[in-house]
Structures are given as C-alpha cells and as structure tokens.
Novice: 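Structure in structure tokens, see below.
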Amino acid sequence: STTYDGAVSRKFVEDLPVSFGGGTRDSTALALLVPGVVNGTTYGTQFGVNIGGGRQFSTEFQIDGMAVAYQGVTENVPLDSRPDQDLISEMKVQIGVPTAEYGRTSGGVIEYLTRSGTKDLHGNATMLLRNTLLDARAYNSASVGRDQQWELALSLGGPVYIPKIYHGRNKTFFFFNYTGFRQAPGGNPSTVTMPTTQERTGDFSDLPYQIYFPSSHEPIPGNKIPASALSSVALQLAKLYPAPTNANLTNNYNGLTPTSSKENHYFAKIDHNFTDNNRFSGSFRYQHAPSVIGEGAPFPADISSNPVFKG
C-alpha cells in the first residue's frame, strides 16, 4: 500500500503524561506521535502540523467525517478550530496517497472520532494547575515570575433516560464535555520609562537638557510647552499610560504585560441505534475565547479579542 495509517487511542491519551500552557490541551499535538508528522512553522500549516512532506494547505482535517479545516488561502479561518483532548475518542492519521473517500488532499488526512456515551453512566474530571506558589525563582530574576493558569475538563456520558417516559439504555446515548481555561497576566516583571505626571501636561522642566519646538527648532522656554501648542489628541493619549510606580525620571514603571485569556469550550453529542447497522449521530460544539493580548512593555500595547468559534 502507498498509504501509512497511524492511530492514537483514547487509552493512550489518558495514560500519556501531558503539560499545558497558554491554552487548552490541543488534540492536534497527538498527531506528532505518528511518524511522518512534524511541527509546521510556515504560513498555511493548518493546525500547526505538516504531514508526509505535504505542502501548505494540503492536509485534510475531519471530525466524525466532517471537514473542519478550510482549504483556502487564508490562515486561522473560523472553522480552523482545534478540538480539545478530552472530547476525542480516537485520532487516525493517513500519510501518503489517501483512500478515495479523502480525495481532496495531497498531504495527509487527520480524522478525529469524538467520544460517545455508553449503556452505563460514566464521567471524569481533570484539573491542571500552574501557580506562582508552586514555582521557584529563575536564576536571573530578582523575584518569582507570575504564572497563574489552569484548565478544567469535565465529561459525562451515558444512556438517555427520562423518568416514566423513555429509557435508552441500549438505544440512545449522550455525551457532554466542558473544557475551561483561565490565564492571568504572567511572566517576570519588567521596567520601562513612563512620562511623569507633570510631563503629561507639557511641563518638561524636570529634564536635565533643553527641548525644542519641532517645527522651528527654537528652544522651549523653561522646557514648558505652552498650552496653545499642546495637541488635544496627545493629551488624551497621555491618559492611557499608567502612572509611574516610583519618582525616577527613567525606568520609573515596573509591572507585567496585561495578557490574559478566558476560554469556555462546550461539546454535546447524541447517538441513537435504530438497528445494528443503522445509527444516527449528531453533535454540537461551541467555543468562546476572549483574550487580552499585550505586546512589548508591561502596559496595554494592543488589545484584541479572539473570534468566537461556532460549529
């Protein structure tokens, strides 16, 4: 055969030591356990992996037979939503020339099979925690860096049972998963320079050197910019800077970049067996992941929100 098939089972996932950071545990990382799958680092490496030397946008991703990765020309499209590890029953990888049912790709195929309920009621809860109280100080840092994040995964599955109305012990089953993730601003504190209170009003008399008008290059008397020369826009922008944490003219602000994340993922599935050969399955996924993303210095440089994934 020209195709290599690899699979990662649910038991293997449960027995595998895992680490997390910056988001929920991503089931796509499990594909890296299969030979021929590598981390993707270039534009177009969907879900962060490349298979069998495949080119950009040449991999098919499916959940229960439905494509979830858009084979287009843009990155991070809404349907490019990775499933959490706790809702995956099995992951299959095809490398090489895929079978006819996957005839849309030249790189490889990753297929996720989601978990289903069984005739008995079962549930599991997983809590992963990283906290500053459990950390040591880095060798090159004067204090312990802040690292506060956790993931909570709750799953429940079993037969559909409605008292005095319906008992689906051997016919109808449900499965539900909730995965939540929280991350507070973290890292080691850093120091930057902020304008002092008087400088925000145009008074730079505390500086040890002369400042000049930018248009005429004339010295500004007393380093105090006249009120008539102040920009109303600049005055409003100055209010966005946090106040200094000490009285120094430079290196007067110490803090953390305000990066935070709050994710809530939901998955629900219903299975019904009409006969041994005829079955129905339907599922619903909802992910909401608003984030605050700070860049560079320890104050808001860019604030944005992740898209809401529905599917």
Side-chain angles (χ1 to χ4, degrees), residues 1-116 124 126 128 130 151 153 155 175 177 179 181 263 265 267 269 281 283 285 287 289 306-307 309 311:
S1 172
T2 57
T3 302
Y4 172 81
D5 294 337
V8 179
S9 66
R10 181 67 201 169
K11 185 180 186 306
F12 183 84
V13 174
E14 292 176 344
D15 295 341
L16 187 69
V18 296
S19 63
F20 82 108
T24 59
R25 290 165 297 152
D26 175 16
S27 59
T28 306
L30 301 174
L32 298 174
L33 301 173
V34 178
V37 182
V38 298
N39 272 315
T41 58
T42 60
Y43 177 83
T45 52
Q46 298 153 304
F47 287 10
V49 296
N50 277 58
I51 300 177
R55 300 181 63 184
Q56 299 174 354
F57 296 112
S58 63
T59 302
E60 181 75 14
F61 292 85
Q62 296 187 357
I63 296 182
D64 293 333
M66 177 176 290
V68 294
Y70 174 62
Q71 309 294 322
V73 295
T74 57
E75 195 175 36
N76 298 324
V77 293
L79 287 182
D80 193 73
S81 177
R82 312 179 187 190
D84 300 315
Q85 286 190 12
D86 276 76
L87 60 87
I88 297 301
S89 173
E90 184 179 11
M91 186 195 66
K92 298 180 179 179
V93 180
Q94 285 194 21
I95 303 175
V97 181
T99 55
E101 60 193 287
Y102 307 109
R104 299 176 297 277
T105 176
S106 61
V109 178
I110 294 182
E111 183 175 7
Y112 305 102
L113 302 179
T114 58
R115 297 170 65 183
S116 297
N124 66 276
T126 302
L128 301 173
R130 291 172 60 172
E151 178 184 341
S155 299
F175 177 79
N177 171 264
T179 301
F181 175 78
E263 301 183 22
H265 301 186
F267 176 80
K269 183 178 182 182
S281 178
S283 62
R285 295 178 64 211
Q287 299 186 17
N306 287 342
F309 297 107

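Nothing here was measured: the structure is a model prediction, and the numbers come from that model.
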Novice: Shortest non-hydrogen contact from Phe12 to Leu33?
Specialist: CE2-CD1, 3.3 Å
Novice: Among Asn177, Thr114, Leu87, which residue meets the side-chain contact (heavy atoms from CB on, under 4.5 Å) test with Lys269?
Specialist: Thr114
Novice: Minimum heavy-atom separation for Gly36 to Ile95, with atom names?
Specialist: CA-CD1, 4.0 Å
Novice: Are any of the side-chain heavy atoms of Leu113 and Asp64 separated by less than 4.5 Å?
Specialist: yes
Novice: Kindly indicate whether the side chain of Met91, heavy atoms from C-beta on, has any atom under 4.5 Å from the side chain of Ser27.
Specialist: no
Novice: Which heavy atom of Arg285 sits nearest to which heavy atom of Pro83, and what is that distance?
Specialist: NH2-CA, 3.5 Å
Novice: Looking at Val37 and Ile51, what are the two nearest heavy atoms and their distance?
Specialist: CG2-CG1, 4.2 Å
Novice: Which value, rounded to the nearest 0.5 Å, describes the distance between Arg25 atom CZ and Thr126 atom OG1?
Specialist: 5.5 Å
Novice: Out of curiosity, Gln85 CD to Tyr112 OH, how far, rounded to the nearest 0.5 Å?
Specialist: 10.0 Å
Novice: Using a 3.5 Å distance criterion without hydrogens, assess whether the side chain of Thr179 forms a donor-acceptor pair with backbone atoms of His265.
Specialist: no
Novice: Work out which heavy atom in Ser9 is nearest to a heavy atom in Glu90; give both atom names and the distance.
Specialist: CA-CG, 4.5 Å
Novice: State, to 0.1 Å, how close Ser155 and Arg115 come at their nearest heavy-atom pair, and which atoms those are.
Specialist: OG-NH1, 3.7 Å
Novice: Side chains of Phe267 and Asp84: does their closest heavy-atom pair fall under 4.5 Å?
Specialist: no
Novice: Any donor-acceptor pair under 3.5 Å linking the side chain of Arg10 with the backbone of Ile88?
Specialist: yes
Novice: Evaluate Val109 against Lys92 for side-chain contact (heavy atoms from CB on, under 4.5 Å), listing each step before the verdict.
Specialist: CA-CA 8 Å; Val109 178; Lys92 298 180 179 179; over 6 Å; no
